[in-house]
Amino acid sequence: MKSILSLFVAVAACSGMALRGAEQPGSEAFLSVRCDVAPEVPKIQMAILLDTSGSMEGLINQARTQLWKIVNDLARTKRHGMSPRFEVALYEYGKSSLPASEGFLQQIVPMTDNLDLISEKLFELQTNGGQEYCGWVIQDAVRNLEWSKSNNDLKMIFIAGNEPFTQGPVDFRISCKEAVEKGITVNTIHCGGESEGRQGQWAEGAALADGSFMNINQNAAAVEIATPYDKKLIELSGKLNTTYLGYGDAARRREFSARQSAQDSNAAAAAPSSGANRALSKSSGLYRNAEFDLVDGLNEGKVKLEELPKDQLPEGLRKLSDKELAEHVAKKANERKQVQDEIKKLSVEREKYLASERAKSAEPGADTLDDAVLKAVRNQATTKGFEYVQE
């Protein structure tokens, strides 16, 4: 009996298993289990659909300033001890300058792990009046984004707006049904009162696709608490940039470096807390730049130094031998880890300070976009086996 139980324990602990050889049942060799398939790296995918009609400037500001807070919360998730890959897509809808024939909507960024690109595009968003076709933009996101095929991955749409969910020629009921058939939850965030949102059928849309219905005040400013750690964290965020070694053609390297620095500036200018939160995001495994950076690229097997043409390297590295180049990359990787560790240590102290300051306030702030997103993600992540861990 003990041998049989051992076999079941081994089988339960390993995916892609096979019994080895043709040994007799009960033998030690027969009970050996091997993994033919590596454990699946979990993935969290999120499509953000923002109403950019004239009254939604506050919503966009919330998205800009709270992106890195959301990333940091997701960075604490693990499934079976593994950190997830995080991908985001961005849509806008409800803007009159967009073609009516295309539903007054556009896909701004397809599903990507390039968080700096998402931040860049959020800061570029502009508003003007238009028709808000929720059913149409959900349908476009369901059909035209590259969603994971795995039923184990967390796949979510977050749609935020303030007009009735019923607007437009595409029935939201059909769109939400398509989403849930692909394992995608639709979370609806009504910008306004709860009763108004329910009357506008935002709650029904969420219910049809296993999502959450929430309402927020899109014009509320998130409560800002300055801390003694913000300035140093923002400085360390800039210091991290010196550890990145861009590869690819010169234009691509310049674009990567400029975008990274610009989003540092955007976050810090938006609010000190946003700059500090971005620093912590950049120290996490969700901030990935393997397509641009040699350190991340080598770590993830996206690039091989011996196969990389010299003209795809920064000019100062082109004369190095393969051995010297490998040593230089390793040095930068070590420097990056040291800065990231310092950011994480300071962020722990910052969070303690924030918790103490929040405890002094008797009045909770109004729910904003980040509150709504984090509540829904936490609820839905547990259904996919994700756990939140404190590092």
Side-chain angles (χ1 to χ4, degrees), residues 41-52 59-60 62-79 83-93 105-122 125 134 137-161 175-176 178-180 182-189 205-206 209-214 216 263 277-278 281 284-288 368-388:
V41 176
K43 184 179 287 188
I44 296 176
Q45 293 183 309
M46 180 185 299
I48 302 173
L49 285 44
L50 295 178
D51 177 354
T52 52
L59 173 69
I60 295 168
Q62 289 182 15
R64 290 166 178 161
T65 57
Q66 299 305 319
L67 170 65
W68 303 110
K69 180 180 176 182
I70 294 168
V71 171
N72 291 338
D73 201 68
L74 290 173
R76 294 176 50 215
T77 61
K78 289 186 184 296
R79 189 173 69 203
S83 297
R85 295 287 176 87
F86 180 46
E87 295 179 347
V88 192
L90 181 63
Y91 273 78
E92 65 172 332
Y93 74 101
L105 66 93
Q106 71 168 332
Q107 181 191 106
I108 299 173
V109 185
M111 205 63 78
T112 181
D113 60 8
N114 189 340
L115 299 179
D116 285 351
L117 178 61
I118 294 290
S119 177
E120 176 183 271
K121 296 305 179 183
L122 283 172
L125 285 178
C134 295
V137 71
I138 291 170
Q139 183 182 80
D140 195 282
V142 170
R143 294 181 178 181
N144 295 322
L145 290 175
E146 191 173 340
W147 295 99
S148 166
K149 299 295 191 298
S150 173
N151 291 328
N152 294 323
D153 289 333
L154 182 57
K155 296 169 280 188
M156 303 170 291
I157 287 174
F158 285 88
I159 179 167
S175 301
C176 290
E178 285 188 35
V180 80
K182 287 189 174 183
I184 305 165
T185 59
V186 177
N187 302 283
T188 63
I189 304 173
D210 296 337
S212 299
F213 161 64
M214 298 153 285
I216 65 171
Q263 299 324 300
N277 283 331
R278 174 170 164 80
S281 294
S284 79
L286 299 191
Y287 187 77
R288 300 171 57 246
T368 50
L369 182 66
D370 60 302
D371 297 310
V373 170
L374 292 179
K375 286 176 185 176
V377 172
R378 281 175 173 264
N379 287 336
Q380 291 161 32
T382 58
T383 68
K384 295 292 185 179
F386 287 92
E387 296 178 318
Y388 280 78

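For the numbers below, each heavy atom of this structure counts, side chains included, while hydrogens, waters and symmetry mates do not. Just so you know, residue 1 is the first one in the sequence shown, and it goes up from there.
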Give a yes or no on whether the backbone of [Y] and the side-chain of [X] come within a donor-acceptor separation of less than 3.5 Å.
{"X": "Trp147", "Y": "Ala141", "result": "yes"}
{"X": "Arg76", "Y": "Tyr388", "result": "no"}
{"X": "Gln45", "Y": "Glu146", "result": "yes"}
{"X": "Asp370", "Y": "Ile70", "result": "no"}
{"X": "Lys384", "Y": "Asn151", "result": "yes"}
{"X": "Ser281", "Y": "Asn277", "result": "yes"}

Original post:
What are the two closest heavy atoms between Gly161 and Tyr93, and how far apart are they?
Top reply: CA-OH, 3.6 Å

**OP:** Of all the heavy-atom pairs spanning Asn187 and Met156, show the shortest one and how long it is.
**Re:**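 Shortest heavy-atom contact: ND2-CB, 4.0 Å.
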
Subject >> Distance (rounded to the nearest 0.5 Å) between Ser175 OG and Asp140 CG >> reply: 9.5 Å

Original post:
What is the distance from atom CZ of Phe386 to atom OG1 of Thr77, rounded to the nearest 0.5 Å?
Top reply: 6.0 Å

Subject >> From Arg278, Gln263, Arg64, residue fulfilling side-chain hydrogen bond (donor to acceptor under 3.5 Å, both in side chains) relative to Ser119 >> reply: Gln263

**OP:** Applying side chain to side chain contact (heavy atoms under 4.5 Å, CB included), run through Leu122 and Leu50 and close with a yes or a no.
**Re:** CA-CA 10 Å; Leu122 283 172; Leu50 295 178; 3.9 Å; yes

**OP:** Run the salt-bridge test on Lys375 and Asp73 with the 4.0 Å N-O cut-off and return the result as yes or no.
**Re:** no

**OP:** Output all residues satisfying side-chain contact (heavy atoms from CB on, under 4.5 Å) with Lys121, sequence neighbours left out; order by chain, then residue number.
**Re:**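 For Lys121 the side-chain contact (heavy atoms from CB on, under 4.5 Å) partners, ignoring immediate neighbours, are Leu90, Ile108, Val109, Leu117, Glu124.
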
Subject >> side chain to side chain contact (heavy atoms under 4.5 Å, CB included) partner of Gln380, chosen from Asp210, Ile44, Thr185 >> reply: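 Exactly one option meets the side chain to side chain contact (heavy atoms under 4.5 Å, CB included) with Gln380, and it is Thr185.
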
**OP:** State which residue, out of Lys43, Arg79, Lys182, fulfils the salt bridge (Lys or Arg N to Asp or Glu O under 4.0 Å) condition with Asp153.
**Re:** Arg79

**OP:** State whether a side-chain donor-acceptor pair under 3.5 Å links Thr368 with Gln62.
**Re:**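 Looking only at side-chain atoms, Gln62 and Thr368 do not form any donor-acceptor pair under 3.5 Å.
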
